[in-house]
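For reference, the structure is listed below as structure tokens.
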Amino acid sequence: MNVHVQGCPVVANDLPKPVRRESGQREVFCGLTGIVWLHRKIQDAFFLVVGSRTCAHLIQSAAGVMIFAEPRFATAIMEEKDLAGLTDANDELDRIVVQLIARRPDIRLLFLVGSCPSEVIKLDLSRAALRLSQKFSPAVRILNYSGSGIETTFTQGEDACLASLVPAAPPTRTSEDQLLIVGSLADVVEDQFIRLFDALGMGRVQFLPPRNTAGLPEIGPNTKFLLAQPFLADTARALEDRGAVRLAAPFPLGVEGTTAWLRAAADAFGVAPALFEAVTQPYRIRAERALVRYRDLLGGRSIFLFPDSQLEIPLARFLSRELSMHLVEVGTPYLHREHLAEELRLLPDDVALSEGQDVDLQLDRCRAARPDLVVCGLGLANPLEAEGMTTKWSIELVFTPIQGYEQAADLAELFARPLVRRAKLVA
Amino acid sequence: MQLTVWTYEGPPHVGAMRVATGMDGLHYVLHAPQGDTYADLLFTMIERRDRRPPVTYTTFSARDLGGDTADLFKSAAQNAYDRFQPQAMLVGASCTGSLIQDDPGGLARALDLPIPVVAVDLPAYQRKENWGAAETFYQLVRTLAGPSAPAPGRPRPQRAAGVRPRCNLLGPTALGFRHRDDIVEITSLLAKLGIDVNVTAPMGATPADIAGLGEADFNVVLYPEIAGQTASWLQRTFGQPFTKTVPIGVSATREFVEEVARLAGVDASATLASASTRLPWYSRSVDSTYLTGKRVFIFGDATHAVAAARIASDELGFMVVGLGTYSREFGREIRDAAKRYDVEPLITDDYLEVEAKIAELQPELVLGTQMERHIAKRLGIPCAVISAPVHVQDFPARYAPQMGFEGANVIFDTWVHPLMMGLEEHLLAMFKDDFEFKDGTVPSHLGAGHSSPVADRPVQVSVSESNIAAVWAADAEKELHKIPFFVRGKARRNTERFANENGVATITIETLYDAKAHYAR
């Protein structure tokens, strides 16, 4: 355990760490899956996937086979006649959108979401969005992005969605610096951060995505933004195109990550170190106290992370530095070296990083290592359990509030629970 | 294009996966983009399988499209063969894979693998999951069993005296509704008749077993959606007759036993005489009196829906008020059955249409799929699941077949449990003003926290009602709330309909009782 409540800048090495790159069969959701949490977050938005029956089946399977009786997502399933040119796919899409908006007059923001088949046949959804926007404006705003599996993995769907929101955001109205938090956070976590930023005297903080379409943040050259998620490369680029400036920071997972993340904002906004110390200290102490139990449970245990959500690098940093776990392999579907620079510096020198996936080879390595805990997607979890390994579903890490001080112990609990359970079961 | 909120069936390649995953020694190489691997979790999470499905995906991405996706397929197939050493291989493409037109069959042939390779071409933009399973099973059987087919026109050789008759059980797959347990039940029923099972397929069969399908005397088709086409081909090619009765319910099981005995040339009387099931007696027992005429809505795959309607009507004394299926291929079967119960058949794969129908009919019980379970929950109507698509809890740990005599017992329990007990319902009606029987009481076994029924709220069904809705007078509304909640929704609806049909603008207590008399049953 080498995290200090004082939160002094951690001296870590800057050596580039070697990364194993693999390409082969992946066991990762495609970007469409982001809809499952995005439609809960943006409460007046609706997501219309323009795709195949497979896309519709994926979304409902990923959503746990219908958790919601009235979901705010649907699929426009392409049929033979759309592909064969017997009908104009654009006319068909317009017809579906009219039908949908008539059925759901509560929709204020409609995303047309591209899929593998719509990308392959080059159905131009950006033109469709423009065309339909003219028709339904101002009642409904219509945007588009791609969640296709040939272009995006799992959480990159959120990236594509948020990036599509950026051009729709209004310009800033004042010349004062403004802080923007980028990335879906649970409302409860957002509220916690708002209270912290208030206490730090940093003024109004905006969030992307907003809870409601009306709350789209203002963006301009005086916008300084903090990424709350490590998978937002396109969104960051779109914000930078609007003149906004990214604040480099680790991600707000664990006590250390949260402190460093808040500090990056505080420093940029000229918050006095003493005030930062005074405001954050009680939170840090409380979170540290909550983590002690988990350090006893998890310390010294080995963990293998399969690539899934792109949260793997910050998670690995938290697990190794705050819970003293041993990292066997840390896989990530995609590694953004610039956005993760602060995280990579904090990882142990000998960490085995892998980017991309060849699932059979990776399973071989995992079996050979026999780690105490494996973090993996839903397709692999039960088979690995049957082989006697203990697993944590990575998707839960995306759906559960895990950011910030108050959630540090909840995050640790997610890893501890499978081990506690395995120890309990005797039959 | 078709607007879909929820879908009853996946794409056809998921049907192929259900066949491959049910079998042993078969590997499926699927030309598909990264996201399509989601299908694995249907098997590992929803069905709680302890192994990954035997499927290798090529996982092509956008940058591969400019290059050589064909090579990607070939190396994936070669690697899969080297690693898994299957007895046979299935190759095909998912919806996106089919758009890039790489011809998995031709590419796999070029590899010249030392095993049979079966290419399945599944039109993803026309067909769906069950069709994909049926087609895959058929192509596998043709390829693997075809070579041992007798010359055309040659009669089937007579079974030697003293040799027990043998049949194949056709149709069970991975992710099927209670297929695992149905096989056990039917195998043991056949054993009682002195009939052996040659091969059960696809579930549990190896490619070598499939090659030996022709050795059986006849076929038992458990799930026509999946095995119908294959059974017809086996009849034409090997002269094997097949069963038409699906043994779900007591009467159907008895008919099935007779049919099988006829095909096998054995005597069924001893088996029928000794067969015991509790359903008929439980149905006659006094507590079941309250089941009389309960209005039930049924929706699912065609086989389970038709069987459910028969059981509901003939064996439990319910009244079938709605019957439908998402299996368009079996529209005729559903229409025929619907005639028997004098209801309008509902053949659709639009979940919203089913929801509107249920809201309109206000049944007292829904028998359906996972989708109907959600509809029923929202409307506050009891529901039991009778068909795929299903959720993890529909793969129970206990033995719970749907077929055979034990299946009938399971069905009695699972359909009646969501309802109140007979005695409970009577007491609630008699003591409805007692403080212990509060308004909105749900069946006691569902306990606190269960969503309270919303069935008595006015339901907006459709815009087709041309009449202007009648208004409830305050005292009539109060009177309505004295009616037990589990029939209140129906009473409200009937009264409103009665008022509209008779041009009554304000519903009074008199209107309420006029309507009650009008609709008395």
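Protein chains get the first letters and strands the later ones, always in sequence-line order, with residue 1 at the start of each.
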Give the C-alpha distance, both sets of side-chain angles, the deciding distance and a yes or no for side chain to side chain contact (heavy atoms under 4.5 Å, CB included) between A:F29 and B:Q34. CA-CA 7 Å; A:F29 282 147; B:Q34 142 175 284; over 6 Å; no
Report the C-alpha separation of A:Q60 and B:M371 in whole Å, then their side-chain angles, then the decisive distance to 0.1 Å, and conclude whether the side chain to side chain contact (heavy atoms under 4.5 Å, CB included) test is met. CA-CA 11 Å; A:Q60 78 180 43; B:M371 313 290 160; 3.3 Å; yes
Should A:V50 and B:M1 be marked as a side chain to side chain contact (heavy atoms under 4.5 Å, CB included) after you check the CA-CA gap, both sets of side-chain angles, and the distance that decides it? CA-CA 9 Å; A:V50 183; B:M1 286 184 198; 4.3 Å; yes
Report the C-alpha separation of B:D36 and A:R26 in whole Å, then their side-chain angles, then the decisive distance to 0.1 Å, and conclude whether the salt bridge (Lys or Arg N to Asp or Glu O under 4.0 Å) test is met. CA-CA 10 Å; B:D36 287 357; A:R26 292 193 170 199; over 6 Å; no
Would you check, one step at a time, whether the test side chain to side chain contact (heavy atoms under 4.5 Å, CB included) holds for A:T33 with B:Y38? CA-CA 10 Å; A:T33 329; B:Y38 84 87; over 6 Å; no
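With A:I77 as the fixed residue, the side chain to side chain contact (heavy atoms under 4.5 Å, CB included) test singles out one of B:L3, B:T4, B:D349: B:T4.
Residue A:L384 does not touch chain B at all, counting heavy-atom pairs closer than 4.5 Å. For a residue to count as touching a neighbouring chain, one of its non-hydrogen atoms must lie under 4.5 Å from one of that chain's; by this rule A:T152 touches chain B with the backbone only. Contact annotation for A:D364: only side-chain heavy atoms (C-beta onward) come within less than 4.5 Å of a heavy atom of chain B. Of the two parts of A:L361, the backbone and the side chain both hold a non-hydrogen atom closer than 4.5 Å to a non-hydrogen atom of chain B.
Between B:D50 and A:N382, the closest side-chain pair of non-hydrogen atoms is not below 4.5 Å. Residues B:R52 and A:E27 have side chains in contact (heavy-atom distance under 4.5 Å, counting atoms from C-beta outward). Counting heavy atoms from C-beta outward, B:Q126 and A:E79 have side chains that stay 4.5 Å or more apart. Residues A:Q357 and B:T59 fail the side-chain proximity criterion, which asks for heavy atoms closer than 4.5 Å. Using a 4.5 Å heavy-atom cutoff, the side chains of B:T44 and A:L380 are not in contact.
A donor and an acceptor atom, one from each side chain of B:T7 and A:R53, are located under 3.5 Å apart.
Distance check, rounded to the nearest 0.5 Å: CG of B:L72 to OG of A:S23 gives 7.5 Å.
Looking only at heavy-atom pairs under 4.5 Å with chain B, the residue among A:D360, A:V359, A:L93 that has the most is A:D360. Most heavy-atom pairs under 4.5 Å with chain B, from the set A:L58, A:L32, A:V49, A:I121: that is A:L58. The most heavy-atom pairs under 4.5 Å with chain B, out of A:G379, A:G149, A:P383, A:C30, come from A:P383.
The backbone N or O of B:Y57 sits less than 3.5 Å from a side-chain atom of A:Q25, completing a donor-acceptor pair. Within the 3.5 Å criterion, the main-chain N or O of B:L42 finds no donor-acceptor partner in the side chain of A:S61.
More than 12 heavy atoms of other residues, nucleotides or ligands sit less than 6.0 Å from atom CG of A:D94.
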